[in-house]
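Take this structure first; my questions come after.
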Amino acid sequence: MSRQDDSADGPEQLALIRESVRKAKAPKAKPRTWRGAALAKELPVARVLVDKGVLHLDRYFEYAVPQELDAEAQPGVRVRVRFGAGSKNVRDGRREGGGLIDGFLVERVAEAEYQGPLAALAQVVSPEPVLDAELLGLTRAVADRYAGSLADVVQLAVPPRHARAEARTFPPAAEPPAAPEPGSWARYERGAELIGALASGGAPRAVWTALPGPEWAGEIALAVRAALASGRGALVVVPTVRLAARVDAALEAELGPGRHALLTADAGQQKRYAEWLAVRRGSVRAVVGTRAAMFAPVRDLGLVVVWDDGDAHHSDDHAPFPHVREVLELRAARERCAFLLGSLSCTVEAAQLVRSGWAGAVAAPRDEVRRAAPRVRTVGDQDLARDEAARAARLPSVAWDVAREALRSGPVLIQVPRRGYVPRLACQTCRAPARCRRCAGPLEAREASGALACGWCGREEGAWQCAECGGVRLRAQVVGARRTAEELGRAFPAVPVRTSGREQVLDTVSTAPALVVSTPGAEPVAEGGYAAALLLDGWAMLGRPDLRAGEEALRRWITASSLVRSQEAGGTVVIVAEPTLRPVQALVRWDPTGHALRELADRAELAFPPVSRMAAVSGTPRAVADFLRAVELPGDAEVLGPVPVPDTAPGGARRPGAPPPGEHWQRALVRVPPGSGTALAHALKQAQAARMARTRGGVEPVRVRVDPPDIG
DNA sequence: AGCACGCCGACT
DNA sequence: GTCGGCGTGCTC
């Protein structure tokens, strides 16, 4: 179909197209929308990403561009269009129905691919090209990576509009700062090299194992400054608002005021959009924020940084659940910029980046690590058995002694597992998990009565006996933060006890002696460092039936322990856990990278992620079976299961994304070797799209998730 | 998701 | 004949 020249009936070029299609059927159809309205002379067709759920995965819809919108209807702008079956009702010359909905103008083209008649753009909401070519490319790559829809990813990437913020004018960006000296980066092998490469416009990729202590935030700020010095922009993503504030302060100190933006979801809509616009318009060249900031439209990006990639906050909680580390990897590759993954600990994925050669390792020499880390002492089962005091007081005497001694010189941190995090009960003697006799689900102690019951089927267990060794005693009672605080308060009556947890998080504590009871992730920073830390109930953190249990436990211990003074300054950590366990040994030796490398080797042997790529397909048994039959998987794909999905998480809480109440779902895992991840995602997306298209004839939905988080 | 279209049975 | 059931398919 060719474009008509606009001579006699110029205003109606596209209407002619309509007529040629319609001629056979309807006598005449000239929609009111176009009557008298001229169309844009150049590129009169707009491709629009319509924001309308998952119904049409990644399809663009074409609209005619009226002349008066020609100038503003540029790629990337938000538009409003009529959409819906009602707009097809043109027989009597009326064009009604089909409400106005939002969308993004993706591109302008000369000719429509769509064979039918086009409707006109109703409105350009604002001329701000929020979804420009770069961001479109990134969001599409993320959607492809996760077998998700482009519209879903765009929703994560572009914050809601706020007109007042848009009307503001933004000052031009300040001149680049001078290149920094390496400073405390000199403590790391290849640290100075990294800063030098950033400052001179290079694009190094590094996995950085940070030394314990609070310096990491300043070190990130220094890396950002180096990237800015090269005339480029920089982006830092941290897991929590609290850490964002810390890096924010470090950036302020390094760059001075007004040189960077803080992008967090907790700011109000107006502020959030204003900051985002300041970045988009190039007024601000450095950004720190929480996970949504991973899409921040930084101009001429020179460096992306992700801090503590093991923190679960880095997984978005909206479909398709992209992970900050993965998205920033994509950005580093697409925008040819530097990539810095920093952590006190080390994930298997980070180890994999180094192992594969994609990134280089930046770490301190052993003796530097030993000097900076606290001394770590373990209390294992044998110690506990010999320790009658521990029985009575629920705290081993080593811990008492260390705490008493440390309280002379400063605060002591006590880390206790969060309630609800605590997993299944285990046999006192052989530590085998206690399982339900009927369904093999995890046994739990009922909160109110203390009675034993299955976390899956609810069956009560009156007379448990270990299936492995015949033992009849269970180890269980994890003491909650409040109870621990009370007991410690009685034991040290002269010392103030403070708690930091879910409901109230303390940011800092002073150098004065105090007992600080905290759940993981909520540990306050102590000025000058804690004199000691007690990591209680270590076994509970390790008992989770999760592939990541060891890595996660180590990460939490290291995070808490790194707030403690160095060994030289007398800092001590006591951990109540078996000294033979791998993560415990890694803590004692302060070797998170070694731990991750060993875990990685195990995963490779079992063909588990990240050495393979996995996707989960869940739904009713029939839906999963139908889906698996229809999907055209790559030849090297392997299907595991399906198996029933428990609708409660360990601990009894309804897990997010659980099947609708009353339905019992199944889940299959699909696994492919490295290199076939893209093909897998593509196949899943195709099958899902085909399914959506005829979701009417009683077709039940399936949920597809690439990189499922809870493989156990 | 809505909403219209279309191909079947009960009605004025 | 025609009104209206809901199963099917489309939305530029």
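Letters A, B, ... are given to chains in the order of the sequence lines, protein chains preceding strands, and every chain is numbered from 1. Side chains are part of it too, since the values below use all heavy atoms of this structure and drop only hydrogens, waters and symmetry mates. Source: prediction; values computed, not measured.
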Nearest-Å distance for atom pair CZ/P, residues Arg108(A) and dC12(C) =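 Distance, rounded to whole Å: 19 Å.
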
Geometric class of the Phe61(A)/Phe83(A) ring pair [parallel <30°, tilted 30-60°, perpendicular >60°] = perpendicular

query = CD of Glu62(A) versus P of dC12(C): gap in Å, rounded?
reply =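 Distance, rounded to whole Å: 12 Å.
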
ask   = Separation of Gln115(A) atom CD from dT11(C) atom P, in whole Å?
value = 12 Å

request  = May I ask you to decide whether Asp102(A) forms a salt bridge with Arg80(A), counting only side-chain N to carboxylate O separations under 4.0 Å?
outcome  =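 Here Asp102(A) pairs with Arg80(A) in a salt bridge, since their nearest N and O are under 4.0 Å apart.
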
ask   = Which whole-number value in Å describes the distance from Arg82(A) CZ to dG2(B) C1'?
value = 15 Å

ask   = Should stems be defined as at least three consecutive Watson-Crick or G-U pairs with both distances under 3.5 angstrom, which of them involve DNA chain C?
value =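 If one scans DNA chain C for consecutive Watson-Crick or G-U pairs, the stems found are B:1-11 with C:1-11.
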
query = Atom CG of Leu100(A) to atom C1' of dC3(B): distance rounded to whole Å?
reply =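 Atom CG in Leu100(A) sits about 16 Å away from atom C1' in dC3(B).
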
request  = In plain terms, say whether Arg272(A) and Asp266(A) are close enough for a salt bridge, that is, a side-chain N and a carboxylate O under 4.0 Å apart.
outcome  = no

ask   = Asp311(A) and His313(A): side-chain donor and acceptor closer than 3.5 Å?
value = yes

query = Hey, is Tyr114(A) stacking on dC12(C)? Ring centres under 5.5 Å, planes under 30°.
reply = yes

message = Expressed as a whole number of angstroms, how long is the span from Phe83(A):CZ to dC12(C):P?
response =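 Going from CZ in Phe83(A) over to P in dC12(C) covers 6 Å.
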
ask   = For Phe104(A), is the NZ or CZ atom of Arg78(A) found under 6.0 angstrom from the centre of its six-membered ring and inside 45 degrees of the ring axis?
value = no

Taking distance alone, no hydrogens or angles, what donor-acceptor pairs closer than 3.5 Å link side-chain atoms of residues 119-136 of chain A to residues at least two apart or in another chain?
residue	atom	partner	partner atom	Å
Ser126(A)	OG	Glu128(A)	N	3.1
Ser126(A)	OG	Glu166(A)	OE1	3.0
Ser126(A)	OG	Glu166(A)	OE2	3.2
Glu128(A)	OE1	Arg281(A)	NE	3.2
Glu128(A)	OE1	Arg281(A)	NH2	2.5
Glu128(A)	OE2	Arg280(A)	NE	3.2
Glu128(A)	OE2	Arg281(A)	NE	3.3
Asp132(A)	OD1	Glu134(A)	N	3.4
Asp132(A)	OD1	Leu135(A)	N	3.0
Asp132(A)	OD2	Arg280(A)	NH1	3.4

key: Spacing of Asp51(A) atom CG relative to dC12(C) atom C1', expressed in whole Å   = 16 Å

task = Return the value, rounded to whole Å, for the distance between atom CZ of Arg59(A) and atom P of dC10(C).
result =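 Between P of dC10(C) and CZ of Arg59(A): 10 Å.
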
